[in-house]
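Here the structure comes first, spelled out in structure tokens, and everything after it is commentary.
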Amino acid sequence: MIRVVTLDPHDEKHLAKLCQTLFAAFGVGCEHSGHVAVPQGTSEPYDAGKLLEEVAGVRAYADDKVLYLTSKKLKDRALAPGSAPTSGYARYGRDRALVTTFGIKDLEVGLRTVARQALHQLGHVWELHHCLDPRCAMYPPWTPSFPQGEALFCTFCREKSEQKIRLAKS
Ligand SMILES: [Zn+2]
Ligand SMILES: [Zn+2]
């Protein structure tokens, strides 16, 4: 089960649509499992790694994954030649990921981009690496073309995620 946990208010209609997309991509149930406050002293832009360490959990089973959703700005990530805006973060191979809707003006149109980010970060949680196929959600998210893509995996990443999910269940 993928548990979407909101850190600030989001439209239930958008959350339902996001869950539908995640269910279609991973073949795993998805639901909005509640709201938690960010840890005391957290200020914008959020340090995604620190936030995921410190934020409260929700009641979940051992193989559940938690996707935290915020609308606040995340700290830019450092890259060799400078820095790039961050729209998500994941604890690779562990249990939680974070995605922000920050910078997306109209979620009716931009929800696809948020879902693509969510797929990417949850993909890392299920131990997927970056992918060279620009259409795939595991393509590096700081590339200019990433936000325009669909919330889909390539065949290779889809099969790999299914394999990881099966392994986690057994
Ligand atoms: Zn990545
Ligand atoms: Zn791929």
Side-chain angles (χ1 to χ4, degrees), residues 1-7 10 17-30 38 42 44-55 57 63-104 107 110-169:
M1 171 79 82
I2 298 165
R3 300 192 176 274
V4 176
V5 175
T6 42
L7 298 175
H10 292 267
K17 218 169 150 194
L18 176 64
C19 268
Q20 264 173 29
T21 309
L22 295 177
F23 171 69
F26 290 103
V28 168
C30 177
V38 293
T42 305
E44 243 188 301
Y46 290 173
D47 179 331
K50 191 162 175 278
L51 178 68
L52 282 188
E53 286 299 329
E54 294 175 353
V55 72
D63 58 357
D64 284 351
K65 304 297 182 191
V66 182
L67 177 73
Y68 292 93
L69 188 67
T70 180
S71 62
K72 305 292 188 217
K73 183 170 168 51
L74 306 182
K75 248 185 206 163
D76 290 357
R77 55 176 291 139
L79 290 177
S83 69
T86 305
S87 39
Y89 182 79
R91 300 208 295 189
Y92 182 85
R94 290 171 72 186
D95 60 341
R96 34 175 83 167
L98 171 70
V99 162
T100 182
T101 60
F102 182 83
I104 294 178
L107 274 172
L111 194 68
R112 194 193 56 199
T113 301
V114 177
R116 185 160 155 95
Q117 272 293 344
L119 247 74
H120 184 95
Q121 301 305 339
L122 286 166
H124 282 321
V125 165
W126 270 299
E127 299 180 348
L128 297 193
H129 295 284
H130 286 165
C131 175
L132 293 174
D133 182 344
R135 289 164 303 179
C136 179
M138 291 316 291
Y139 194 66
W142 54 83
T143 51
S145 71
F146 187 89
Q148 278 86 52
E150 297 293 328
L152 291 170
F153 289 130
C154 69
T155 312
F156 174 83
C157 291
R158 166 92 198 192
E159 281 172 5
K160 203 174 159 203
S161 78
E162 283 174 353
Q163 208 177 29
K164 294 286 183 185
I165 290 165
R166 266 200 312 274
L167 276 172
K169 276 189 179 141

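First listed ligand is number 1; within each ligand, the first listed atom is number 1.
With the Zn ion (ligand 2) as the vertex, SG of Cys154 and SG of Cys136 span 110° to the nearest 10°.
Counting only distances under 2.8 Å, and ignoring water, the protein N, O or S atoms around the Zn ion (ligand 1) are His120 NE2, His124 NE2, His130 NE2.
From His124, atom NE2 reaches atom CZ of Arg91 across 14.5 Å, with rounding to the nearest 0.5 Å. Separating the CZ atom in Phe153 from the CZ atom in Arg116 is a distance of 10.0 Å, to the nearest 0.5 Å. Between the CG atom of Asp63 and the CG atom of Leu167 there is a distance of 12.0 Å, given to the nearest 0.5 Å.
Panel note: side chain Arg112, backbone Gly149; a donor-acceptor pair is recorded below 3.5 Å.
Ring planes of His120 and His130: tilted class, angle from 30 to 60°.
Each of Arg166, Arg158, Lys164 was evaluated against Glu162; a single residue qualifies, Arg158, per the side chain to side chain donor-acceptor pair (under 3.5 Å) test.
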